[in-house]
J.: 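Would you mind keeping the following structure in view while I ask a few things?
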There are 2 protein chains.
Amino acid sequence: MASVDRSVVEGLPLFAGLAPEQIDQLLQEAQSVRYPKGTNVFQQDEEAHSFFILLHGHLRVFKLTPDGQQVVVRFVAPGEVFGVAMAIGRKTYPATAHAVVDSIALVWPSAAWPRLVATHPGLAVNTLQTVGSRLQDAHTRVVEMSTEQVERRIAHTLLRLAQQAGRKVEAGVEIDFPITRQDVAEMTGATLHTVSRVLSAWESQGLVEGGRQRIVVREPHKLFILAEGSSR
Amino acid sequence: MASVDRSVVEGLPLFAGLAPEQIDQLLQEAQSVRYPKGTNVFQQDEEAHSFFILLHGHLRVFKLTPDGQQVVVRFVAPGEVFGVAMAIGRKTYPATAHAVVDSIALVWPSAAWPRLVATHPGLAVNTLQTVGSRLQDAHTRVVEMSTEQVERRIAHTLLRLAQQAGRKVEAGVEIDFPITRQDVAEMTGATLHTVSRVLSAWESQGLVEGGRQRIVVREPHKLFILAEGSSR
DNA sequence: AGGCTTGTTTGCGCCAGGGCAAATAGGATG
DNA sequence: CATCCTATTTGCCCTGGCGCAAACAAGCCT
C-alpha cells in the first residue's frame, strides 16, 4: 500500500502545530481507503475500531431511533476528522457514516489513539477544538429547534450547507453533493412534505433553485434575512 | 486565601490518571470562589477569562436568543467542569451560568490553560472525554426534539434530571435544586403552559409530585415506559 | 398581618405543520 | 424505448401544542 503524501493533510486542523516529521510519522500508521457511493464507512453501535480523516467525497452521518426514524447529525466534508468515538470515551460509534458520493478517507486504528496522543500531545488539544466546535453546532441546533419555526430552521440549515459545502455556480451557490428533501427534513426536524412545500415556495420567489437531489441557493442574502427575521 | 485540600477534588474525572503531586500543583493555581444564589458565574458573550469546577451548589446554564428567549443548555452539578470555552477554542462564553442556589467553584484563569495542558497532557485527554459526553447529550437532545413529541421529551428530561441530580426521599426521587416549570419548558422546547398541563396530568396519576420550584418523581419506571413508548 | 412578587394552573381558540394519499417526474436499467 | 424505482410535488384534513388571558397559590418583605 502506497503511503500518503504529507502535502495532502498538511494544514488540516488536526495536525496544527505538529512538525512535518511528526505528521509523516502519523501518516505511516494510516491507510487510505476507498468508500464507494452508497456504502457505509461505519455503522451505529458497531465497535469503534477506527477513526478517520475524509480526503475526498462527502458523508452523511445519521442516527437511527429505536422506531426507525433517521436524524441527520451532519455532513462530513473533505479535511474533516470523523469517527473519533474512541477519543471521547465511547466503545461504539454513536451514528452511521454513509458515503453519499465515492469517497476516500485516511484510516487509523482506534487502538493506536492512546499511543498517538501520548506521543503527540497536540493531537488531543486539536481534537478538543474540533469536538468543541461540534458541540457548539449541536447547541446552536438545539436552540434553533427550541425557538424557531420550520421555515427559519430550513433557511438556517440551507445557509450552513451552502457555506460548508457550497460550490459557486452561475445561478448562485450549489450544494456540491446529492442531497434530498428528506435529508433536509432530517436535519431540521421537519417532514419531507413540509420541506418540499417550503422549497417550492422559495423557488417560485427565485430564492433557491431545486432539482432532483440538488439545491442551489440563488439569493443567500434574502435567505439570510428570512432566517434571522428582521421582521417580527 | 486558603488552599483547597486535594481530597476535595481527588477522583474527579478531570484529574483521572494524574499523580497526587500533579493535582496539588494544579490546585495551587486555583481559587475557591463563592457565588451566592441568584448571581451569574459568567455571562454569555463575556470574555472567557476563567474555567471552573463546581464544588458545591447547582448552576443553570442557558443561552439567550437575539429575541430574548432563553434555552437551558444544562444544569451543572458538583464535581463537574464548566466554562471551558477557552479550551475548545472560543474567546467568549457561549452561554450564561447562573447559580440557582449558593454555590462554590474552583476557578482557574483561562490564560493558564495552555501551560497547564502542556505540563499535564492528561488534562486535555480528560477534558476531551467531558466535552465528548456533552456532545453526545446534545445530539440525544437533537434527536429527541426531532422525533418525539412534547410529553415524551418532558418525560426523558425529568428522568435525566432525576438521575443526574436526584435525591432519594420518602415519596420518590426529588430533584435537589429549585427548578421551575419554565426551566423544564426551556429544556424541552415546550411552553411553560404545556409543561404545567403535562405535570398536572402526571400528578393526578401519581407519577410525579409537584410544588413550587419542586419536582418529585414518584414512579420512575412508569415514567420511563411513557418516555420510551412501549405502545405505538 | 397585609400586600407584593413570582410561580403555577387552567380554559379557550387557533394554526403551523404533520399524516395520508395520489399524481408527477427524473434517472437508471435492461 | 419501455419499465421501474426513487424523488418530488400538492391537496386535504386533522391535531398537538402554542398564544392569550385570567385566576390562583405560595413565599417574602415591610
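Nothing here was measured: the structure is a model prediction, and the numbers come from that model. In what follows, chains are A, B, ... by sequence order, proteins preceding strands, each numbered from 1.
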J.: Between B:Arg141 (side chain) and A:His139 (backbone), is there a donor-acceptor pair under 3.5 Å?
T.: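 Side chain of B:Arg141 to backbone of A:His139: no pair is present.
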
J.: Scan for ring-ring contact (aromatic ring centres under 6.0 Å, His included) pairs involving residues 165-199 of chain B, sequence neighbours excluded, and state none if there are none.
T.: B:His58-B:Phe177, B:Phe75-B:Phe177

J.: Roughly how many Å is it from CZ in A:Arg181 to P in C:dG18, rounded to a whole number?
T.: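 That distance rounds to 16 Å.
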
J.: Given 3.5 Å as the limit, does a donor-acceptor pair link the side chain of A:Arg74 with the main chain of A:Val61, or not?
T.: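 Side chain of A:Arg74 to backbone of A:Val61: no pair is present.
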
J.: In whole angstrom, what separates B:Leu199's CG from C:dT10's C1'?
T.: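 Between C1' of C:dT10 and CG of B:Leu199: 14 Å.
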
J.: Can you pull out every side-chain hydrogen bond (donor to acceptor under 3.5 Å, both in side chains) where at least one residue sits in residues 33-46 of chain B? Sequence neighbours excluded, please.
T.: B:Asn40-B:His98

J.: Once you round it to whole Å, what is the distance between C1' of D:dT6 and CD1 of A:Ile179?
T.: 16 Å

J.: Atom pairs under 3.5 Å, N or O on each side, protein against nucleotides 14-17 of chain C: can you list them with distances?
T.:
{"from": "C:dG17", "atom 1": "OP1", "to": "A:Val150", "atom 2": "N", "distance (Å)": "2.8"}

J.: Check whether any side-chain N or O of B:Ser146 sits under 3.5 Å from a backbone N or O of B:Val142 as a donor-acceptor pair, and report yes or no.
T.: yes

J.: Can you measure B:Met145 atom CE to D:dG16 atom P for me and round it to whole angstrom units?
T.: 18 Å

J.: Rounded to the nearest 0.5 Å, how far does OG1 of B:Thr180 lie from CG of B:Asp183?
T.: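 Rounded to the nearest 0.5 Å, the CG-OG1 separation comes to 3.0 Å.
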
J.: If you look at every strand shown and take non-hydrogen atoms under 4.0 Å, does A:Gly211 touch a base, only sugar-phosphate, or nothing?
T.: sugar-phosphate

J.: For nucleotides 20-25 of chain D, print each protein N/O atom paired with a nucleotide N/O atom at under 3.5 Å, atom names and distance only.
T.:
{"from": "D:dA21", "atom 1": "N6", "to": "B:His193", "atom 2": "ND1", "distance (Å)": "3.4"}

J.: Throw together a table of side-chain donor-acceptor distances under 3.5 angstrom for residues 208-222 of chain A, partners on residues two or more places apart or in other chains.
T.:
{"from": "A:Glu209", "atom 1": "OE1", "to": "A:Arg218", "atom 2": "NE", "distance (Å)": "3.0"}
{"from": "A:Glu209", "atom 1": "OE1", "to": "A:Arg218", "atom 2": "NH2", "distance (Å)": "3.4"}
{"from": "A:Glu209", "atom 1": "OE2", "to": "A:Arg214", "atom 2": "NH2", "distance (Å)": "3.4"}
{"from": "A:Arg214", "atom 1": "NE", "to": "A:Glu174", "atom 2": "OE2", "distance (Å)": "3.3"}
{"from": "A:Arg214", "atom 1": "NH1", "to": "A:Gly210", "atom 2": "O", "distance (Å)": "3.1"}

J.: Provide, to the nearest angstrom, the distance between the CD atom belonging to B:Gln213 and the P atom belonging to C:dT9.
T.: 12 Å

J.: Roughly, in whole Å, what's the span from CD in A:Gln182 to C1' in D:dT6?
T.: 12 Å

J.: Nearest whole angstrom, please: distance from the C1' of C:dT8 to the CH2 of B:Trp202.
T.: 17 Å

J.: Only pairs under 3.5 Å count here: list side-chain donor-acceptor contacts from residues 47-55 of chain B, not counting sequence neighbours, and write none if there are none.
T.:
none

J.: NA contact type, B:Ser196, heavy-atom cut-off 4.0 Å: base, sugar-phosphate, or nothing?
T.: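 Contact class for B:Ser196: base.
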
J.: Once you round it to whole Å, what is the distance between P of D:dT10 and CD of A:Glu203?
T.: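 In whole Å, D:dT10 P lies 9 Å from A:Glu203 CD.
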
J.: Output yes when at least one side-chain N/O atom of B:Ser200 is less than 4.0 Å from OP1 or OP2 of C:dT10, else no.
T.: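 True: B:Ser200 side-chain N/O within range (under 4.0 Å) of C:dT10 OP1/OP2.
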
J.: Do A:Asp137 and A:Thr140 have a side chain donor and acceptor closer than 3.5 Å?
T.: no

